[in-house]
2 protein chains.
Amino acid sequence: MPWPAKHKQNSKERILQSAIKLFSSRGFDGVSIGDIMRDAELTHGGFYAHFSSKQELYAKVIPVAARKSFRSKVSPESSGKEMVHELIDHYLDSKHVDQSKPPCPLAFLVTDVANREEGVRSAYRKAFNKAASLLDKQMSADFPDSRNKAFALLAMMVGGVAIAHAVDDEELEKSLLEACNAVGASLIE
Amino acid sequence: MPWPAKHKQNSKERILQSAIKLFSSRGFDGVSIGDIMRDAELTHGGFYAHFSSKQELYAKVIPVAARKSFRSKVSPESSGKEMVHELIDHYLDSKHVDQSKPPCPLAFLVTDVANREEGVRSAYRKAFNKAASLLDKQMSADFPDSRNKAFALLAMMVGGVAIAHAVDDEELEKSLLEACNAVGASLIE
DNA sequence: GTCTATAGACAGATAGAC
DNA sequence: GTCTATCTGTCTATAGAC
């Protein structure tokens with residue numbers, strides 16, 4: 001084992017993890033390839049041995065970040081309405097807004113995605129559909145209109161976190177998250 | 001009246017209107033000062049006679065665009081729950097998502113705002129508070145928890161429109177808007 | 001695959017004529 | 001206030017050594 005610990009992960013994986021972190025906090029245009037490679041402890045020029053463009057990396061980031069974020073917010077054994085409650089509670093949380101928990105790209109990149117190329121937008125669409133299906137499935141036994149509820153609930157969660165992140169007032173952020181949490185919970189009672 | 005019609009509005013106002021249109025559709029980094037000035041039929045260098053920086057213009061755009069957007073979505077004579085219903089219906093509409101109706105910066109710029117300077121974020125916060133207060137006030141006679149409902153409803157509206165704009169699938173966009181519309185309406189029944 | 005170096009484009013902001 | 005011209009910095013992407 002001649003290499004330092006930071007090289008245990010292969011380079012491509014390190015670039016991807018750095019990209020998740022940086023894109024989620026500063027958006028596509030707020031991060032340069034140099035920033036990402038520096039964070040991954042590599043040099044700028046090496047980027048193109050792994051990805052053909054910045055947008056290709058961005059598109060790859062979305063599903064990986066989404067899976068990581070949702071996995072971190074539900075326990076493996078929970079299901080049904082309980083799982084949805086748990087997800088709402090962990091999603092609409094200031095620890096998520098400040099990104100000390102794995103950030104959901106559906107919320108933190110929602111506006112950012114609209115201006116990018118086809119591949120990025122379809123990656124976003126797929127991640128959204130996956131999340132909506134998860135919610136729909138867990139609610140389908142209890143509600144006939146579970147698909148509508150899943151869409152609306154997800155929109156409220158994404159909107160709540162995105163607004164909370166945009167706003168520069170901790171009190172407002174807290175009130176907003178609590179309001180969405182309470183109303184969201186009431187939708188599945 | 002020696003000047004062409006396009007000069008009826010003064011330059012500053014034309015710059016502001018071009019900025020509303022371009023920022024809403026392409027975000028802060030997707031638009032250059034040259035783009036804005038070209039759209040306003042002026043030249044790049046003249047910009048700084050009216051605004052001291054791009055971010056200052058961006059901060060000024062937010063309240064003006066928000067007022068314009070909300071005004072276009074409610075009739076002057078409506079009030080109470082009826083007004084909220086009307087607003088929900090016009091907000092969660094594909095004509096709003098495709099920006100053929102005046103776009104709401106709370107939705108189209110929500111992610112974009114987080115990375116900017118103080119003045120931009122506080123402009124966003126103020127516009128959000130104004131919209132939330134409007135909803136709260138119209139619902140306060142009918143609901144004891146009107147503030148919570150106003151926050152959650154606004155988050156759902158903003159999230160719904162932002163996601164619909166990000167996604168590259170018209171069917172999904174339509175389903176999402178309808179779901180938010182239905183669930184939003186059910187919150188104020 | 002990773003590095004250094006650089007090409008080539010474009011941005012925000014400023015200077016100074018009119 | 002508006003224009004043209006330009007300064008200065010940064011960006012994506014590529015070339016070529018190792």
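Chain letters run A, B, ... following the sequence lines, proteins first, then strands; residues in each count from 1.
- Look at A:Arg147 and A:Asp136 and you find no salt bridge, because none of the NZ, NE, NH1 or NH2 atoms lies under 4.0 Å from a carboxylate O.
- In this structure, B:Leu57 places its CG atom 11 Å from P of C:dG12, rounding to the nearest Å.
- Across all strands, B:His44 comes closer than 4.0 Å to base atoms (heavy-atom distances).
- Using a 3.5 Å distance cut-off with no hydrogens or angles, the side chains of A:Ser75 and A:Glu86 do pair a donor with an acceptor.
- Using cut-offs of 30° and 60° for the angle between ring planes, the A:Phe28 and A:Phe23 rings count as parallel.
- Rounded to an integer number of Å, the gap from CZ of B:Arg14 to C1' of D:dG1 is 12 Å.
- Set against D:dG1, C:dG1, D:dC3, the side chain of B:Leu42 has D:dC3 as its closest nucleotide.
- For B:Lys54, counting side-chain heavy atoms from C-beta on, the closest listed nucleotide (D:dT12, C:dA11, C:dG1) is C:dA11.
- The distance from atom CZ of A:Phe51 to atom C1' of D:dT12 is 16 Å, rounded to the nearest whole Å.
- Atom CZ of A:Arg38 is separated from atom C1' of C:dC3 by 15 Å (rounded to the nearest Å).
- If A:Gly45 and A:Asp29 are placed on DNA chain D by their nearest nucleotide, the residue sitting closer to the 5' end is A:Asp29.
- Residues B:Ile36 and B:Phe51 have side chains not in contact (no heavy-atom distance under 4.5 Å, counting atoms from C-beta outward).
- Remark: the backbone N or O of A:Val167 is paired with a side-chain donor or acceptor of B:Arg121 at under 3.5 angstrom.
- Rounded to whole Å, atom P of D:dA13 lies 13 Å from atom CE of A:Met37.
- The shortest distance between the side-chain N/O atoms of B:Tyr48 and the OP1/OP2 oxygens of C:dA13 is below 4.0 Å.
- Taking 4.0 angstrom as the limit, A:Ser11 places a side-chain polar atom (N or O) nearer than this to OP1 or OP2 of C:dT2.
- When the P atom of D:dC11 is taken as reference, atom CD of A:Gln55 falls 16 Å away, rounded to whole Å.
- Here the nucleotide nearest the side chain of B:Ile33, chosen from C:dG12, D:dG1, C:dG1, is C:dG12.
- Between the P atom of C:dA11 and the CZ atom of B:Phe28 lies a distance of 13 Å, rounded to the nearest Å.
- Within 4.0 Å of A:Ser32, counting heavy atoms only, lie sugar-phosphate atoms of the nucleic acid but no base atom.
- One interatomic measurement links the two molecules: NZ of B:Lys12 to C1' of D:dT2, which rounds to 16 Å at whole-angstrom precision.
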